[in-house]
Amino acid sequence: MADTTSVVLHSLPTDSHHCNTGRVYGNDFADPDQPPGSGLLDEVADAERELRARNAQDVGAGDAGAGSDYFAALVAADQKIEPRDWMPDGYRATLIRQMAQHAHSEIIGMQPEANWITRAPSLKRKAILLAKVQDEAGHGLYLYAATETLGVSRDALYELLLGGKQKYSSIFNYPTLTWADIGAIGWLVDGAAIVNQVPLCRCSYGPYARAMIRICKEESFHQRQGFEILHTLAHGTPQQKAMAQDAVDRWWYPSLAMFGPPDTDSTHSAQSMAWKIKRFSNDDLRQRFVDMCAQQATVLGLTLPDPDLRWNPERGAYDYTPPDYAELMEVIRGNGPCNRQRMAHHRAAHEDGAWVREAASAYAAKRAARAAAPQPSELTHV
Ligand code: BYC
């Protein structure tokens, strides 16, 4: 392997400890061994170009008679399945499950970060964090809207979440104990999220792929802000550096677990990959994330809490200690450190918001009634 660290360091602005320029970290980081334009954001741009090109060659609405043949042909040709197209029940159910879980994760994911809005260390940090948390709400809304195209209402999805019948990502069941956790979430959690989500820009279901392109562009900013918080702390006082290291130590393994169970235990991967919903397996994406973070940690001046992390020239990847999958399963089952707190908070927020929903419905009904009523000009002609 080339000495990537020196290349990474080389592109850091040497006189700036704010470190918010250059293409060194997060999703703009391209492997120096690869040609320019091979970073994660470049992949998003490629997926967007491909999507537009494919739209231009749209093959038209599915013929109900052709049914499964037409669906299979679309998937094989890397065309997008649209809501109007015939699709197998299992494909629809898988998408609803994954997309709803994804939407719920964005919304529940606002909680651990919102915990620090009132205690952000400066006005600038507060404004950035506010914007980020609002972005997460926006991502949830894009994803709920995309899921609704599959014939399920947002209210129904909310009920499934509140009733514990649908999940959200395990990662949001861990507490944010210090300000450095906001940096670690941005760097590691948003970093893991984007590694997982960039391939979803090429998902076979059109509304999901399109939502993911927009989300990935925004996630890139999220990861940068996390990296920058950690970089600032890691180059601050010894206490600040220790706080940053402690946050990375606590968030590393839960972030690795976000990619799901190992491939051998993944129940949905094979079918989801055959349908081109998922494009890579859980373990392949986890490896990609490890390789990305191992280099970025060096730039931060922090270490990843894995004594066995080392470059393996034969595999062309880092060897690493996998997360504790038994812990992942416990968290998924509802027994993580914050599961109950997150759901209780979400339930209370939902109930508190009832008056907003009622007011919005009353307003919509009033507008509809007004639109249906005869206009004054029509009355004068009678
Ligand atoms: N947490 O067969 P598998 C964000 C479940 S939010 C909980 O491999 P699949 C952000 C899985 O559902 C990012 N459950 O499943 C927001 C399945 O259970 P069921 C969220 C998990 O679907 C705010 C079972 O385990 N990202 O970025 O093929 C602030 C077996 O797994 C988890 C997404 O949602 C987990 N970690 O693959 C900051 C991405 N892992 O349903 C950041 C979209 C597995 O059979 N989702 N399970 O009962 C995916 O890409 C896939 O669903 C997964 C799992 C890779 C997560």
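Order of listing sets the numbers, starting from 1, for every ligand and every atom in it.
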Notebook entry, point to check: Do the rings of Tyr158 and His350 sit parallel, tilted or perpendicular, given the 30° and 60° boundaries?
Noted result: tilted
Notebook entry, point to check: Parallel, tilted or perpendicular: which describes the rings of His139 and Tyr142, with under 30° parallel and over 60° perpendicular?
Noted result: tilted
Contact atoms of ligand 1, heavy-atom distance to [X] under 4.0 Å:
X	answer
Ser105	6 (S), 16 (C), 20 (C)
Phe259	55 (C)
Tyr208	43 (C)
Gln101	7 (C), 12 (O), 14 (N), 21 (C)
Tyr168	1 (N), 7 (C)

Notebook entry, point to check: Does Met329 have a non-hydrogen atom less than 4.0 Å from ligand 1?
Noted result: no
Notebook entry, point to check: Any non-hydrogen atom of Ser272 lying under 4.0 Å from ligand 1?
Noted result: no
Nearest-neighbour protein heavy atom for [atom], which is reported as residue plus atom name and distance:
atom	result
atom 11 (C) of ligand 1	Arg97 NH1, 4.0 Å
atom 37 (O) of ligand 1	Lys278 NZ, 3.0 Å
atom 56 (C) of ligand 1	Met258 O, 4.0 Å
atom 40 (N) of ligand 1	Gly260 CA, 3.2 Å

Are there more than 12 heavy atoms of other residues, nucleotides or ligands under 6.0 Å from atom [atom1] of [X]?
X	atom1	value
Phe280	CZ	no
Arg279	CZ	yes
Asp89	CG	no

Is it the side chain (CB and beyond), the backbone, both or neither of [X] that lies under 4.0 Å from ligand 1, heavy atoms counted?
X	answer
Lys167	side chain
Phe172	side chain
His222	neither
Asn282	side chain
Tyr325	neither
Glu113	side chain
Gln197	side chain
Asn196	side chain

Notebook entry, point to check: Do any pairs count as a side chain to side chain donor-acceptor pair (under 3.5 Å) and have a residue in residues 365-374, sequence neighbours left out, and if so which ones?
Noted result: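 Every side chain to side chain donor-acceptor pair (under 3.5 Å) pair that includes a residue of residues 365-374, provided the two are not neighbours, is Tyr363-Arg367.
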Next item on the list: Could you check which of Leu285, Ile332, Asp190 puts a non-hydrogen atom nearest to atom 32 (C) of ligand 1?
Entry: Ile332
Next item on the list: Please work out which of Gln271, His268, Gln223 has its closest non-hydrogen atom nearest to atom 17 (C) of ligand 1.
Entry: His268
Next item on the list: List the steps, then state whether salt bridge (charged side-chain N to carboxylate O under 4.0 Å, His left out) holds for Glu228 with Arg125.
Entry: CA-CA 11 Å; Glu228 201 253 352; Arg125 295 290 185 203; 2.7 Å; yes
Margin query: Looking at Glu82, is its backbone amide N or carbonyl O close enough to the side chain of Asp85 to form a donor-acceptor pair, meaning the two atoms are under 3.5 Å apart?
Written below: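 Here the side-chain-to-backbone pair exists.
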Check: Short question: side chain of Asn282, backbone of Pro261 - any donor-acceptor pair under 3.5 Å?
Finding: yes
Checklist line | Arg333: partners by salt bridge (Lys or Arg N to Asp or Glu O under 4.0 Å), with sequence neighbours left out | finding: Glu330
Checklist line | Aromatic ring proximity, centroids under 6.0 angstrom, Tyr168 and His102 | finding: no
